[in-house]
Amino acid sequence: VQLQASGGGLVQAGGSLRLSCVASDGTFSNYNVAWFRQDPGKEREFVAIISWSGGTIYYGDSAKGRFTISRDNAKNTVYLQMNSLKHEDTAVYYCAADTSRSLFVSSRKRSTPGSYGYWGQGTQVTVSS
């Protein structure tokens, strides 16, 4: 599956953005999808994951209470609604997908970029302070 992330941009601190991750084909409903982010010089950080059905969701510590992940399988799209943005949320945001159910067994596994077989190209989010 090919993934296309979009929706990034420049926003003031306290503002909101909604990122989208669109898949290339109808098998998208078989995939668990995660968002990661990466600042230059830092490791790629887990943000959130949603199961293929949308029934199971986990967030990374930086996203809890401010970000919401959701999906619309009819549109082959996963969303990341980001509210109360902070300067430290500035990063390139990537969506990733994999069919492995073990992503929901281990927090370490779902937080590890190597656990995902498919990646989008990234979208830049810049939060001005």
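Under the salt bridge (charged side-chain N to carboxylate O under 4.0 Å, His left out) criterion, the residue pairs touching residues 46-62 are Asp61-Lys64, with sequence neighbours excluded.
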Val33 vs Ile49, test: side chain to side chain contact (heavy atoms under 4.5 Å, CB included). Steps then yes/no.
CA-CA 6 Å; Val33 178; Ile49 186 173; over 6 Å; no
Test Arg44 against Trp119 for side chain to side chain contact (heavy atoms under 4.5 Å, CB included), laying out the working first.
CA-CA 12 Å; Arg44 197 162 290 194; Trp119 288 84; 3.4 Å; yes
Residues Phe46, Arg37; criterion side chain to side chain contact (heavy atoms under 4.5 Å, CB included); working and verdict:
CA-CA 7 Å; Phe46 170 77; Arg37 67 186 187 184; over 6 Å; no
Given side chain to side chain contact (heavy atoms under 4.5 Å, CB included), test Tyr118 with Tyr31 step by step and report yes or no.
CA-CA 10 Å; Tyr118 303 92; Tyr31 288 84; 3.7 Å; yes
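By the side-chain hydrogen bond (donor to acceptor under 3.5 Å, both in side chains) test, Arg18 is found to be paired with no residue, residues two or more places apart in sequence or in another chain being considered. Taking the side-chain contact (heavy atoms from CB on, under 4.5 Å) definition, one finds that Gln124 meets it with Thr90, Val92, Thr126, sequence neighbours left out. A search for ring pair (Phe, Tyr, Trp, His ring centres under 6.0 Å) contacts involving Tyr116 returns Phe36, not counting sequence neighbours. When the side-chain contact (heavy atoms from CB on, under 4.5 Å) test is applied to Ser106, the partners found at least two apart in sequence or on another chain are Arg108, Lys109. Looking at residues two or more places apart in sequence or on another chain, you find a side-chain contact (heavy atoms from CB on, under 4.5 Å) between Thr56 and Ser51, Tyr58, Phe104.
Between the side chains of Gln81 and Ser70, not a single donor N or O lies within less than 3.5 Å of an accepting N or O.
The shortest side-chain heavy-atom distance between Leu19 and Val125 falls under the 4.5 Å cut-off. Side-chain contact between Asn32 and Arg101 is present, with heavy atoms from C-beta onward closer than 4.5 Å. Looking at Ser16 and Met82, their side chains never come closer than 4.5 Å, going by heavy atoms from C-beta outward. At least one side-chain heavy atom of Val78 sits under 4.5 Å from a side-chain heavy atom of Ile69. Looking at Asn30 and Trp52, their side chains never come closer than 4.5 Å, going by heavy atoms from C-beta outward.
Asp98 places a side-chain N or O within donor-acceptor distance of the main-chain N or O of Gly117, the cut-off being under 3.5 Å. Between the side chain of His87 and the backbone N or O of Ser128, no donor-acceptor pair lies under 3.5 Å.
Cation-pi contact between Arg71 and Phe28: present, with separation from the ring centre below 6.0 Å and deviation from the ring axis of at most 45°.
Of all non-hydrogen atoms in Arg66 and Ser84, the two that sit nearest each other are NH1-O, 3.0 Å.
Of the candidates Leu10, Leu80, Val11, Val11 is the only one forming a side chain to side chain contact (heavy atoms under 4.5 Å, CB included) with Leu17.
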